[in-house]
Structures are given as C-alpha cells and as structure tokens.
Asker: 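Questions regarding the structure given below will be posed in turn.
Letters go in sequence order (proteins before strands), and every chain restarts at 1. Everything quoted here is computed from the prediction, not taken from an experiment.
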Amino acid sequence: MIFNNIDMDIERGKVTAIMGPSGTGKTTLLKLIGGQLKPDAGSVFVDGENVHTLNQSALYELRRRTMGMLFQSGALLTDLSVYDNVAFPLREHTSLPEIAIHHLILLKLEAVGLRGARHLMPAELSGGMARRVALARAIALDPQMIMFDEPFTGQDPISMGVLVKLIRDMNRALGMTSVVVSHDVDETASISDYIYVISDGQVVQSGTPDELKHSSSAWVKQFLNGDADGSVPFHYSALPLMEDLMAGSRGAKS
Amino acid sequence: MIADKYLGKLQQIGFKTLSRFARVGRGSLFLWQIMTGLLYVIQRPKLLIRQLYYVGVQTLLIILVAGLFIGMVLALQSYIVLVDFGAEDSLSLMVSLSVLRELGPVFTGLLFAGRAGSALTAEIGLMKSTEQLSGMEMMAVNPMKYIIAPRFLAGVIAVPLLTSIFMAIAILGGYFVATEMLGIYEGVYWSQMQANVDFYADLMNGMIKSLVFGFVVVWIAVFEGYDCVPTSEGLGQATTRTVVHGSLAVLGLDFILTALMFNV
Amino acid sequence: MNTRNIEILVGGFVVLAVIAMVMLSLKVSNLVSYGDENDVYEIQAQFENIGGLKERSPVSAGGVRVGKISAISYNNKEFTAVVTLQIESRYQFPVDTSASILTAGLLGEQYIGLEPGGDEEYLVEGGEIDITQSAMILEQIIGQFIYSKSQEE
C-alpha cells in the first residue's frame, strides 16, 4: 500500500506543492492524477471528470485538453531536435498550417529563453536546458494544469533559479494551475500557494508556506529545516553499538 | 523445517509458472494493441521509412557478407560430397535448394534477431527508462501507435526483403565458386537449378518462412523492450532475452514449418 | 542523417530486394515455365511400375526437355499406374510413340523418355500412349541376374 486515505484539493490557477521524503510515492501521485496508474481504491477528479473511469480515447482527450507534465529527466524524444520536440504535440493534435506552428514554437521557446537553441539535439543540452525545453513542450497546447515532477532535483543554483522563475511566471502570466512535486524546501516554498506534506502514505500537514513554517509538528519542522536528527532518527534501528561490537566474531559470522 | 523448505520451492515453481503465463498474456495483448496501431502508421509513411532505414538498411551489410560466404562454403562442401558420385553437375541444385528452403530464411532470421532485434529492444527500453514513453502518453500520444507500431511493421516488411537478398547473394556466391574454382560450366549451373527448383514449392515456401520468422522476432524484440525493467540491468537482460528467445523461436518454428510445408 | 538521405537509402534497399526477388523467380526457379502453361496439351500413359517417378518430373525426347508430369494416379481396374504427361504445344509426336521410364545416371532422378514412331497421325489433347516400358527396378534386375546364374550351374 502506497497511499492510505489521502484527500487533496488542487485549486485552479494556484501553485500547489506536494512535498515529502524520497520514496513516499510523490511521483506515483502524479501518475495517478495523469491516469497512467490505476488506484486499487479511491478516485481522482480532474476538471470534473473521474480520471480512472474514462475509456482510453476519453482519457487521452482529457490529457490533451487539461494536462501537461514535466518529467524529472525532461523525457525529450531523443531522435528529434529541440524544435521538433516542441512541435510534436502541435503536429499530433492540431491541424495548424506549418507556418502557424513555427510561430507558436518560437513563442514557446522564447518564453523559456531557448529560442536560439532550437536546432540542437536533446543530447547536446544540459540537464537544466532539457527541462526548459520540456517545459516549452508541455505548455505548447496551453493546458489548464501542468505537473512538475521534481523540477529542481540535480540542478545547479543558476538553473534552479531559472526554473523557479519560469514556474512562477507561467502561473502568473498564463494563470496555469501548477502542481509541483519536490523535496527542495526553500525553492518550493518560495513559489507555492499551498503545500501538502506527505509521509508514509498520508498527508501529515497542509497549509500555506507560512502556516507550515510555524507548524507544531516536530516531524514537519525537521523536514523543513533539514535537521539530521530529530523525530526521524539519524540511525537506522539497530542494537546498541556496544552490544554489536562485543558480539565480536559471532556477529561477523551470522 | 524441511517441509517448509520444500513448500517454499514448490511455491517458487508456482510463482514462476504464473508469471510466465502472465507474460504470455501481456505479449498477446500487446500484439493486439500493435495491430490497432497499424492504420496510424500507414497514414504516416515517414515514420515507417525511418524505421525501415534502422532495421533494414543497417542490417543489409551483415546479410550481404553472410549470404556471400554461406553460398561459397556451401558450393565447396557440396562439391566434395557430389564429386564422389560423379554428380557435381547437381551442385547448383544442392546450393539453391539449401539456400531457398532453409538457410536463407533461418540465417536471416537469426542475424536479424542479433542485429536489429537487440537494437530495437535496447532503443525502446531506453525510451522507457528515460520516461519518453510516459512523456508521450501524457502528451496524449499513444506510444503504441507512434513508437511501437512503426517499428513492428518495418521489421515485418524488412525481414522478407533481407531474406530475398540473402538468397540471391548466396546463389551468386555459389556460382562464383562453382565456375571459377571448381570448373563447373556456367550453363550447367543455371540450367540444373531452373529445371528442378520450383517457384511455389521452394522459393515461395522459403519466403513464407521468412515472413513468419520476421513477425515473431520483431514481436519478441519490441515486447521485450516495452516490458523491460527500466534500469540498466533490466535493459541488458531484456536485450539478451530478445536474442536468445528470438533465435530459439526461429529454429523451433523452422522445424514446424518445414514439417508442414514439405509433408514429410 | 537527414530525411532525404534516409529515404534514398531505403529506396535503394527496396530496389535491391526487388532485383533479388526477380532474379530468384526468373533465373533460379521455374516461374518462367509456369508462364506458358496454357500452351500445353496433356496425354496419358499407363505403366506397370513407375519406380521413383514423381509429379513435376521431366519428360524428354532425344534428351531435350519437352514437358513434365502433371499427375500420377492408379487405375484400380487394370491395376496399372496412370501418368499424365503435359507436353508443350510446339512439340508434336506420332500416335505410335513409345514412352519409357529412364534414370538420369546411376543414382539420378527418373524421367520419361519419348521415342517417336512413324505414324502420320499425331497425338492430341487427351490422347494415350500405348507402347510403354516400366521403370527398371534394381532389386528385380539383381534378382533375375542371380536366378539366371543359378540356372546355368
């Protein structure tokens, strides 16, 4: 069981963050919202439709209309250039003339600051640039909601700053609903309107960034401050050190 | 304790059997999904042509070299046997029947599994592990149609084409050895073949074999890629499985098809 | 690799395969002989024993291939093998032509050899060859040989 009794509301036009330690199924949550995984029990509603009761074509239609997703690795198609990657959803889902698509692509790439990199192949991009291209591709069809899977992980401070700015700007300028899954506390807190903290398959606490900072829960405090020891102990549960050492060769053998 | 151990083993066997069956089920379902994607591919010939390049053109060289040498070796070996019976004029018949009925389809199937099949598995597996397939699903494009179906169709088309090239080059290789090294007359080489090789019974049956081999090998290759565990270890295992299972499938099916076609 | 080059190479690949297919059909197999299937006539011949004769075995006259065997059946009234010969129309044979089952070389395949007679009339579609000689069966020849030897002693 990954989740137990989880209840979340993601408000339209707001940035909602889902935070929690690694391995608590944050990405799984996004896949549930996107309909890539089916829950054993419970339901997910997006734009008034129950994602998991739709048939395949209706699900694809819902995704096309309402969802964009930015994957951790960017998930760019490796055999297409930056330009063709951004063009991909437009060419597949619209019958726009090539010239209109061209203009749209330039605008989307301009928004992420990579108009000049349009002829590069994904292999030639740095991690941060790949994510920006993926962002341009995710917003190509102007979805109502965009989901970010660990957008800040493994980025240098400059790339991180760029991504923070982009997510905020997208939300302000286009009014896009954003769902950010992350465990980078400061960056996430700086852009989100509302935060859910999950652990062990449950929502531990939720609220605005300010409310969480003054949380009474020791666990939430430790998580937000990044303390090494606290309600989650530094040591994995074990016998006392002395006992383990004294066990000597007996212990080494078993 | 001991009973526990044996029960554990029994459970393991049961689990393995069940997961095998589950895999076969997933594979069949997967094939059905590919079939529904074929219409999409036909409407986008560009996707198909690109894949024909990867599975066809890039496999061509190894097919040419292998075919040439097999034809030449076959001519030499047949000569050694036939000359004892004074039947060296039948050399071309021996070469052509071996190549058309068996070696052409089987060798092409094996080489295709090793060269193009493993590459297909690795490519699709890598796409899975870099989230490209998921990403495509989230862009509301079915990867079954856009990624898998074109590769499948290209493979199924490419294998019979490669087989016919293999057959032709092997017979030319045999011709070269027979006339240049063994002193068999050119006219004898061709006329013996033409008089005794039947278009339907020999050539067409060989081509039908290659169509079946291509279908099965490509199916295995794309399924292994799509179904692999998306880690570097899982990818390696999937690629190995493609080559091993693909080759075994070719050899097993060859026996069944031969038994059916030549009603022995 | 740009799209144009890929398309050119794939085109070359397909053309190569078509050439190979044409070569296999015309030069290696007997597809050509299927082409003039209409231009043939069929006659029948009865043999006591056809040995290893098969459908598609050649029919030749004077060492030249003039047709092939299209069907083999067994006549359960006269207890003989009935062989249907498919002869190309450009070859005509008198009605008193004889047919014998011969072997190419010592271990080669068996075929039907036609020996033309001197009649003015020619065989036509549905005709029958009356004078036939069965296949030589190695076991029988050896048996006869041993029998005659033992008679001499």
Side-chain angles (χ1 to χ4, degrees), chain B residues 45-46 48-61 63-64 67 82 85-87 89-90 92-93 95-97 99-100 104 154 157-172 174-175 189-204 206-207, chain C residues 1-37 52-61 63-71 86 88 102-113:
Chain B
K46 276 205 158 118
L48 183 63
I49 287 174
R50 182 169 274 271
Q51 292 312 319
L52 267 176
Y53 171 76
Y54 288 121
V55 299
V57 176
Q58 294 201 334
T59 318
L60 188 56
L61 187 66
I63 291 289
L64 285 174
L82 291 172
F85 298 98
D89 283 355
S90 302
S92 68
L93 187 60
V95 171
S96 56
L97 284 185
V99 166
L100 295 184
I157 293 173
V159 173
L161 297 184
L162 289 168
T163 304
S164 66
I165 293 172
F166 183 100
M167 289 171 173
I169 201 86
I171 286 169
L172 286 176
Y175 167 76
Y189 189 86
W190 293 117
S191 65
Q192 273 287 324
M193 224 153 44
Q194 246 183 37
N196 293 289
V197 175
D198 190 63
F199 179 73
Y200 294 102
D202 299 321
L203 180 59
M204 277 303 119
M207 294 314 289
Chain C
M1 179 85 62
N2 69 38
T3 312
R4 193 179 138 77
N5 286 354
I6 285 179
E7 283 168 3
I8 290 171
L9 284 170
V10 170
F13 169 57
V14 173
V15 168
L16 192 65
V18 169
I19 292 173
M21 211 52 222
V22 168
M23 176 199 137
L24 291 171
S25 316
L26 300 185
K27 193 114 173 127
V28 174
S29 79
N30 59 352
L31 182 64
V32 185
S33 64
Y34 279 101
D36 39 45
E37 198 117 295
L53 206 65
K54 291 189 289 284
E55 285 185 19
R56 297 203 293 113
S57 290
V59 176
S60 65
V64 178
R65 189 189 162 117
V66 296
K68 65 175 185 186
I69 291 166
S70 61
Q86 199 176 64
E88 292 176 38
L102 306 168
T103 308
L106 189 58
L107 297 168
E109 58 167 352
Q110 289 189 304
Y111 66 97
I112 288 187

Asker: Taking all non-hydrogen atoms of both residues into account, name the closest pair between A20(C) and S164(B) and its distance.
Answerer: CB-O, 3.4 Å
Asker: Between atom CD1 of I6(C) and atom OH of Y54(B), what is the distance when rounded to the nearest 0.5 Å?
Answerer: 5.0 Å
Asker: Report yes if some heavy atom in the side chain of K46(B) is under 4.5 Å from a heavy atom in the side chain of E7(C); otherwise report no.
Answerer: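 In contact.
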Asker: Would you mind telling me which of D202(B), I171(B), L203(B) makes a side chain to side chain contact (heavy atoms under 4.5 Å, CB included) with V28(C)?
Answerer: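 Result for side chain to side chain contact (heavy atoms under 4.5 Å, CB included) with V28(C): I171(B).
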Asker: If every non-hydrogen atom of F199(B) is compared with every non-hydrogen atom of S29(C), which pair is closest and at what distance?
Answerer: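 Of all heavy-atom pairs spanning F199(B) and S29(C), the closest is CD1-OG, 3.4 Å.
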Asker: For I157(B), is it the side chain, the backbone, both, or neither that has a heavy atom closer than 4.5 Å to a heavy atom of chain C?
Answerer: neither
Asker: Chain C: which of N196(B), L100(B), I169(B), T163(B) shares the most heavy-atom pairs with it under 4.5 Å?
Answerer: N196(B)
Asker: Applying side-chain contact (heavy atoms from CB on, under 4.5 Å) to F13(C) and I165(B), what does each step give before you reach the verdict?
Answerer: CA-CA 9 Å; F13(C) 169 57; I165(B) 293 172; 4.0 Å; yes
Asker: Would you indicate whether the side-chain heavy atoms of R50(B) and T3(C) approach each other to under 4.5 Å?
Answerer: yes
Asker: Taking all non-hydrogen atoms of both residues into account, name the closest pair between V10(C) and I49(B) and its distance.
Answerer: CG2-O, 3.5 Å
Asker: Below 4.5 Å from any heavy atom of chain C, which atoms of L60(B) appear? Answer side chain, backbone, both or neither.
Answerer: side chain
Asker: If I compare all heavy atoms of L26(C) with all of Q194(B), which pair ends up nearest, and what's the gap?
Answerer: O-NE2, 3.0 Å
